[in-house]
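Below: the structure, in structure tokens.
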Amino acid sequence: MADAIAIHLVNAEILQADHPDSAAWCQASGFSGEVGTLCLVPDAAGKIGKVLVGSSDSVDVWTLAALPKTLPAGTYALANKFSDSNATKLYLGWQLGSYSFDRYKLTKVGLLATLEAPENADLTYVKAATEATYLVRDLVTTPANNMGPDQLEETARNLADRYEAKIAVIAGGDLVVENYPMIFAVGKASTRAPRLIDMRWGNPDAPSITLVGKGVCFDSGGLDIKSAAGMRLMKKDMGGAAQVLGLAQMIMEIGLPVSLRVLVAAVENSIAGNALRPLDILTSRKGTTIEIGNTDAEGRLVLADALWEASSEDPDLLIDCATLTGAARVALGTELPAFFCNDEQVTATLLKVGQTADDPLWNLPLHNAYRSMLDSPVADMNNIANGSYGGSITAALFLQEFIQPDIPWIHVDLMAYNLRSLPGRPEGGDAMGMRALFELIKQRVA
Ligand code: BES
Ligand code: ZN
Ligand code: ZN
């Protein structure tokens with residue numbers, strides 16, 4: 001569009017060299033090209049003539065992500081030329097920065113500044129990554145009264161419809177019949193029936209990827225009830241499920257050549273007369289017995305049954321995502337997801353693509369020496385470790401018991417929620433590590 005307003009990325013030198021006509025205005029308005037600042041420069045008619053954005057030489061996804069909501073509504077276009085990958089990043093950041101959650105607001109968010117797509121940006125990727133991220137944000141931010149196991153199922157069914165995937169759901173008492181005892185036990189005290197959602201898509205002869213998500217739609221802690229402060233955000237305890245649904249949507253939208261299976265254990269960890277109790281002993285789908293040291297360590301229980309099922313088909317890659325432990329947040333903070341992996345090469349790749357996709361994850365060890373902390377005097381294993389240190393590691397070691405050791409496996413322990421707003425990442429639910437995982441899968445099937 002000819003009347004789009006040009007956005008120039010500048011630093012102090014480029015500002016001097018390329019924008020001498022704007023020097024007086026920039027000086028008067030205190031703009032020197034510093035990173036993270038911007039300057040609207042008027043034209044002769046008093047309209048916005050151009051926008052100058054202070055930027056370093058290395059741009060990332062977030063470089064322009066604050067602009068959709070800071071610039072006046074209108075159409076903008078990038079004046080600089082960028083590499084294909086940088087053009088894609090900048091355009092993606094703009095889209096991610098255009099998100100608002102206004103489902104419950106009478107007054108909806110109005111028109112925002114829009115960016116013309118740079119001609120060399122990968123629009124298919126940007127669309128897929130944007131829609132998937134919006135899906136994750138919507139799912140996680142939606143409060144638990146409108147996002148129960150039933151709504152997670154509905155979301156998966158909508159995806160299956162849209163991409164012609166097959167879907168099967170085992171719910172309520174059928175979980176017992178079909179031998180998912182721990183998914184049933186965790187979810188049985190809720191008025192909203194627990195369920196296992198099982199979606200398949202793609203070419204059965206292509207490399208097989210299985211995604212498993214923790215879909216605890218609200219985690220009260222169960223009878224080992226959380227404190228008010230600890231419970232407050234627990235609508236987000238289905239963030240792992242949301243992230244694997246978003247990742248699946250990306251894979252299907254882009255059409256990666258894979259045989260995809262998605263397993264979501266969707267439950268609500270509630271309190272009632274029939275709730276799971278401390279020191280109950282469950283028999284897992286695997287057949288081993290689990291003593292319940294704490295009903296608040298419910299995520300690993302539902303994941304265990306789903307992972308054992310996932311393992312039974314020997315996928316080429318198995319990934320689970322879960323808001324599994326507070327301990328992972330103590331270790332890395334809320335914005336950096338932890339991952340555990342039993343394959344060195346996969347680990348190295350995930351670290352690398354996390355950096356290149358501006359979607360980093362940090363590796364923590366499956367330190368087998370801690371495995372004995374999960375020993376139980378009366379059952380094959382306890383669901384919590386004795387001792388209060390290394391909680392994200394012992395949780396990962398618990399999960400590892402339900403994986404066949406020869407299957408490359410990644411376990412992501414994420415927050416799925418922004419406690420503060422950053423450019424392109426508003427406070428609220430969010431995907432964390434999803435684009436990195438997509439890149440990893442893409443590289444492995446290329
Ligand atoms: N959903 C929580 C983990 C969580 C808490 C993630 C806060 C992010 C922020 C999980 O089900 C849980 O309660 N885990 C307990 C385990 C403990 C009882 C061994 C935890 O991390 O405290
Ligand atoms: Zn819990
Ligand atoms: Zn939980």
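Just so you know, ligand 1 is whichever comes first in the structure, and atom 1 is the first atom listed for that ligand. Numbers here are sequence positions counted from 1.
Annotation: atom 5 (C) of ligand 1 to nearest protein heavy atom, Met234 CE, 3.5 Å. With hydrogens left out, the protein atom closest to atom 19 (C) of ligand 1 is Ile384 CG2, 3.5 Å, a heavy atom. Of the protein's non-hydrogen atoms, Arg300 NH2, 3.8 Å is the one closest to atom 16 (C) of ligand 1. The nearest protein atom to atom 3 (C) of ligand 1, hydrogens excluded, is given as Leu324 O, 3.4 Å; this is a heavy-atom distance. For atom 15 (C) of ligand 1, the closest non-hydrogen atom on the protein side is Asp296 O, 4.2 Å. In terms of protein heavy atoms, atom 9 (C) of ligand 1 is closest to Lys236 NZ, 3.5 Å.
Only the side chain of Lys214 comes within 4.0 Å of ligand 1, counting heavy atoms alone; its backbone N, CA, C and O stay farther away. If you look at Asp237 next to ligand 1, the close heavy atoms, those under 4.0 Å, all belong to the side chain. Using a 4.0 Å cut-off between heavy atoms, Asp224 makes no contact with ligand 1 at all. With a 4.0 Å heavy-atom cut-off, ligand 1 is reached by no atom of Met231.
A donor atom on one side chain and an acceptor atom on the other are not found under 3.5 Å apart for Asp122 and Thr88. For the 3.5 Å distance criterion, the side chains of Thr347 and Asn363 fail to qualify, holding no donor opposite an acceptor. A donor and an acceptor atom, one from each side chain of Thr323 and Asp237, are located under 3.5 Å apart. Under 3.5 Å, the side chains of Tyr99 and Asp138 contain a donor-acceptor pair of N or O atoms. In this structure, a donor-acceptor pair under 3.5 Å is present between the side chains of Lys69 and Ser100. Donor-acceptor pairing under 3.5 Å is recorded for the side chains of Asp380 and Thr289. The closest side-chain donor-acceptor pair between Tyr163 and Glu253 falls under 3.5 angstrom.
Checking only distances, Asn294 never comes within under 3.5 Å of ligand 1, N or O to N or O. Between Asp219 and ligand 1, at least one N/O pair is under 3.5 Å apart. Between Arg329 and ligand 1, no pair of N/O atoms sits closer than 3.5 Å.
Residue Glu298 has at least one heavy-atom neighbour below 4.0 Å for each of these atoms of ligand 1: 11 (O). The contact set between ligand 1 and Thr323, taken as ligand atoms under 4.0 Å from a residue heavy atom, comprises 1 (N), 2 (C), 3 (C), 6 (C). For ligand 1 and Lys226, the ligand atoms under 4.0 Å from any heavy atom of the residue are 2 (C), 12 (C), 13 (O).
Contact check for Leu38 versus Thr70: side-chain heavy atoms found under the 4.5 Å cut-off. At least one side-chain heavy atom of Leu152 sits less than 4.5 Å from a side-chain heavy atom of Met147.
Contact annotation: Glu298 places an N, O or S atom under 2.8 Å from the Zn ion (ligand 3). For the Zn ion (ligand 3), the set of nearby N, O or S atoms under 2.8 Å includes none belonging to Val216.
Protein heavy atoms are found inside the 4.0 Å sphere centred on atom 11 (O) of ligand 1.
Per residue Asp219, closest N, O or S atom to the Zn ion (ligand 2): atom name OD2. In terms of distance to the Zn ion (ligand 3), the nearest N, O or S atom of Asp237 is named OD2.
Here the shortest heavy-atom distance to atom 4 (C) of ligand 1, taken over Gly326, Ser220, Ala385, Gly299, belongs to Gly326.
In this structure, Lys286 forms a cation-pi arrangement with Phe402, its terminal cationic atom sitting closer than 6.0 Å to the ring centre and no more than 45° off the ring axis.
The residues Asp296 and Lys226 are annotated as salt-bridged, a charged nitrogen and a carboxylate oxygen being separated by less than 4.0 angstrom. The pair Glu439-Lys442 meets the salt-bridge criterion, with a side-chain N (NZ, NE, NH1 or NH2) lying under 4.0 Å from an Asp/Glu carboxylate O.
Between Tyr104 and Phe101, the two ring planes are tilted [angle within 30° to 60°].
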